[in-house]
Asks: 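Have a look at this one before I ask anything.
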Amino acid sequence: MTSSNFLARAPPAVQTDSLLAKLNEPQAAAVSSPAKPILVLAGAGSGKTRVLVHRVAWLIARENVSPLSIIAVTFTNKAAAEMRGRIESLLRLPGNALWIGTFHGLAHRLLRLHWQEARLPQTFQILDSDDQLRLIKKVIKALELDDTRWVPKDIQYFINAQKDEGRRPKALGDDGDPTRRTMIRVYQAYEDACQKNGVIDFAELLLRSFETLRDFPPLLEHYQRRFRHVLVDEFQDTNAIQYQWVRLLAGRDSMPFVVGDDDQSIYGWRGARVENIQRYQRDYPGTTVFRLEQNYRSTATILNAANALIANNSERMGKTLWTDGERGEPIRVYAAFNERDEAAFIVERIHEWRRLGGRLQDCAILYRSNAQSRALEEAFIQTVPKIPYKVYGGQRFFERAEIKDALAYLRLLSNRRDDGSFERVVNLPTRGIGAKSLDLVRDTAKAQGLSMWEASATAITAGSLGPKGGASLHAFLALIERLGRETAGLALHEIVDKVISNSGLIDHFRKEKGERGEGRIENLEELVSAARGFQHEDAEEGMSELDSFLAHAVLESGEGQAGEWEDCVQMMTLHTAKGLEFPLVFMCGLEDGLFPHQRSINDIGGLEEERRLAYVGVTRAMRRLYVTYAEQRRLHGVDQFGTPSRFIAEIPPELIEEVRPRVQVSRSLYSGANTAGSSARDGWGTRETYGGHGDRWGGGDRRSSASSPGGYTRPSAPTTSAPRQSAAMIEPDNGTGLKLGQRVRHGRFGDGVVLRIDGNGQGAQVEVNFERAGRKVLMAAYANLQPI
DNA sequence: GCATGCAGCACTGCA
DNA sequence: TGCTGCATGC
């Protein structure tokens, strides 16, 4: 080393310390590892992002790696943005110096750069899953298949699954199975349609960019030489094609740095392969594995619960989280009577949290499915003072119908051949172009291999449409052409503004009755501001600002727009919560059938994935964790009776404190009663007679068959028999022949539903909610209840 | 061609 | 419960 070089840098030892100073030993070892394939198994809360960010910093600042030769891949835009921000602040580098992005985002970038090699039109657009489904329906129709037998959703799943595995229709064999043969035929026809329209779906982004690299050696070589360092986050969630993509890009001499946690693999149902972690170690012999097990997030109690829970899974790589922090509070479990009681309980706890100075944004309510949010939202609105909240997920901004309508106009401006967009807006607002005219246009398009746009023009010229339809269609084409001319050279937001007003969309929604239309107009206006705030980065890639905006609209669901930082409770599904942390967490709806989800309950793989989801949930909590379930739940308008989730029973009882109802409460909390919402303030206690009775948790012998976390033996694969512990907990063999939720008939009171069984045998008390007579507590010995 | 009403169905979710 | 898609009637 020459002296000038030496002088150019500060003394290495000091600087090295400064980058590694705040890291623990395995973190520092991973960050500063010499270049070779690395796998970091990072437990929840163990500083995974920190390691990734520091690794990048290390490479640049210590190994003299050019930022241009680093590519970092994440799964969500949020994660990518966070990583980018942290690298920027750590290194004071402009964020776009290195390639950081989601798999889809980076694949998209490659395709934009190399659209010719990828055999795509330069203006290709991306279909979201709705668009995809729409197109598949069209294809099914065009093939004259019966869409009750060939369910579009199933076909969509089939196609995406094939693409996720990297399989093209031509490479698929039908194994002599005619069903499969047809599926493949639809797949092929769908691909043709995409190609013709110049659109690609999400899975195609990955597959196409993979194939493009693979099939153009000079291109591949270029990127392999460029990206010496490939970093991948959430590696356990990669699917087959993503894995191949990484392998291809990394090439033979590159040293991938991948971070993952097999215990947090929760996307198996959409093609993620946990096995990729093992496979990585096989494909890259000499991989160094670092385990991050020290947790900086949660209390020891929470971690112990998480460890015990996940220990029930087989085939783990094995990791045990630990902390040198405090033991913390017990996990509180609350058995709610119904979902409204559950919500009332949560509301009360949040009031309490707030009274004691807690911030709302530190509270998260996690649930298995989005449908559960409604009862909670109602409770937040009704309580005094109101609790502000934000629901994440659900309907996303760019997926709203009115937004997609506006985008369809914009897409059509950019690409007249986009048939999907054409069909979406050709008669929206209605302008007298009916099914008949469109059928004719479609036929023309099909027969002559034209786009809908071209076919329209042809049909108009040929005069094959009726005078009215022809004129209307002509007016539509003229409208688009005029918009195209008038928007030329305008700023993006001006284009959007002009299009939504001149297309008639605003007027159309204004006519819509009530608040709904107003909301839609507000959303359209929001789209204009989104356009105003849009930063066009792809100028060098020869893409118009509009095209770039449209592409990003699909790739970004539009989270994080208005009202970002009001202090409010965070509500989201367990899936959405991955990667986040909150001081106070409520996991609610822990009932068998809801969580674990009914779909997964009979299959060991599915059940284990649900358990990992529970693990993810528990490990979101930093200080305080509540777990709730409802004995009765109204979902999709039907009452269901649940038993507590088996996952509750898998948490060691010594870590749990059961919250008992304290206050008597009006009957309005009971589902089915009509006096809505009057009692949220009464507290969360629900039942007059229910509260006192003992062992909802099965008392001392509850875990006799289970045992402590250490000596726990897994049950064999669940069969059709009742779940291991919950059965004992909530449906003891009570000798009455009755069980909760069962419908029964009584001589005098008529038909009803069993709400509660106290005690055993003929001495048992049974509470029944009769349809006509209301709730009654009866002695099993005398009531003579007949199951019906 | 368009509005209205009814039947069917909903399940986790990120690009 | 609430949305979507289809069928019916004007």
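Below, chains carry the letters A, B, ... as their sequence lines are ordered, and counting in each starts from 1.
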Asks: My understanding is that only one of A:T102, A:L205, A:L550 makes a side-chain contact (heavy atoms from CB on, under 4.5 Å) with A:L555; could you say which?
Replies: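 Option passing the side-chain contact (heavy atoms from CB on, under 4.5 Å) with A:L555: A:L205.
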
Asks: Establish, yes or no, whether the cationic atom of A:R270 lies under 6.0 Å from the six-membered ring centre of A:Y267 and within 45° of the ring axis.
Replies: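 Yes; both conditions hold, so A:R270 lies above the ring face of A:Y267.
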
Asks: Between A:H597 and A:W269, is the ring centroid distance below 6.0 Å?
Replies: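 That pair fails the under 6.0 Å test.
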
Asks: Report the distance from atom CD of A:E234 to atom P of B:dC14, rounded to the nearest whole Å.
Replies: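 The answer, rounded to whole Å, is 12 Å.
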
Asks: Indicate for each nucleotide in nucleotides 1-7 of chain C, in 5' to 3' sequence, whether protein heavy atoms under 4.0 Å reach the base (B), only the sugar-phosphate (S), or nothing (-).
Replies: BS--S--

Asks: Round to a whole Å and report the spacing from CZ of A:F202 to P of B:dC14.
Replies: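 Answer to the nearest Å: 11 Å.
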
Asks: Is it true that A:F158 and A:Y190 have ring centroids separated by less than 6.0 Å?
Replies: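 Between A:F158 and A:Y190, the centre distance exceeds or equals 6.0 Å.
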
Asks: Ignoring the backbone of A:T576, work out which of B:dC14, B:dA15, B:dG1 is nearest its side chain.
Replies: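 That would be B:dC14.
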
Asks: Taking atom types as they are modelled, is there a donor-acceptor pair under 3.5 Å from the base of B:dA15 to the side chain of A:S129?
Replies: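 In this structure, the two groups form a donor-acceptor pair.
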
Asks: Given B:dG1, B:dA15, B:dG13, which nucleotide is nearest the side-chain atoms of A:H104?
Replies: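 Side chain of A:H104 sits closest to B:dA15.
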
Asks: Please pick, from B:dG13, B:dA3, B:dA15, the nucleotide with the shortest atom-to-atom distance to any side-chain atom of A:T430.
Replies: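 Of the candidates, B:dA3 comes closest.
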
Asks: Just how far, in rounded Å, is P of B:dC11 from NE2 of A:H575?
Replies: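 Distance, rounded to whole Å: 13 Å.
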
Asks: Just how far, in rounded Å, is P of B:dC14 from CZ of A:F398?
Replies: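 Result: 15 Å.
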
Asks: Expressed in angstrom and rounded to an integer, what is the separation of A:L428 atom CG from B:dC2 atom P?
Replies: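 Going from A:L428 (CG) to B:dC2 (P), I get 11 Å.
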
Asks: Please state how far atom CZ in A:F103 lies from atom C1' in B:dG13, giving the value in whole angstrom units.
Replies: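 Spelled out: CZ on A:F103 to C1' on B:dG13 is 17 Å.
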
Asks: OP1 or OP2 of B:dG1 sitting under 4.0 Å from any side-chain N/O of A:S437?
Replies: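 For B:dG1, OP1/OP2 do have a side-chain N/O of A:S437 under 4.0 Å.
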
Asks: Between A:R374 and A:E377, does the salt bridge (Lys or Arg N to Asp or Glu O under 4.0 Å) criterion hold? Intermediate values first, please.
Replies: CA-CA 5 Å; A:R374 185 175 302 151; A:E377 290 183 67; over 6 Å; no

Asks: Considering only side-chain heavy atoms of A:N370, which listed nucleotide, B:dC11, B:dC2, B:dG13, is closest?
Replies: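 Minimum distance to the A:N370 side chain belongs to B:dG13.
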
Asks: Any side-chain N or O of A:N160 below 4.0 angstrom from OP1/OP2 of B:dA15?
Replies: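 Checking B:dA15 against A:N160, no side-chain N or O comes under 4.0 Å of OP1 or OP2.
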
Asks: Take the protein atom CG of A:L555 and the nucleotide atom P of B:dC14, then report the distance between them rounded to whole Å.
Replies: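 Rounded to whole Å, this separation is 14 Å.
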
Asks: Step through it carefully: locate the ring centre of A:F103, locate the ring centre of A:W245, and say whether they are under 6.0 Å apart.
Replies: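 Yes: the rings meet the under 6.0 Å criterion.
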
Asks: Using ring centroids (six-membered ring only for Trp), state whether A:F202 and A:H108 fall under 6.0 Å.
Replies: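 Ring-ring flag for A:H108/A:F202: false, centres at least 6.0 Å apart.
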
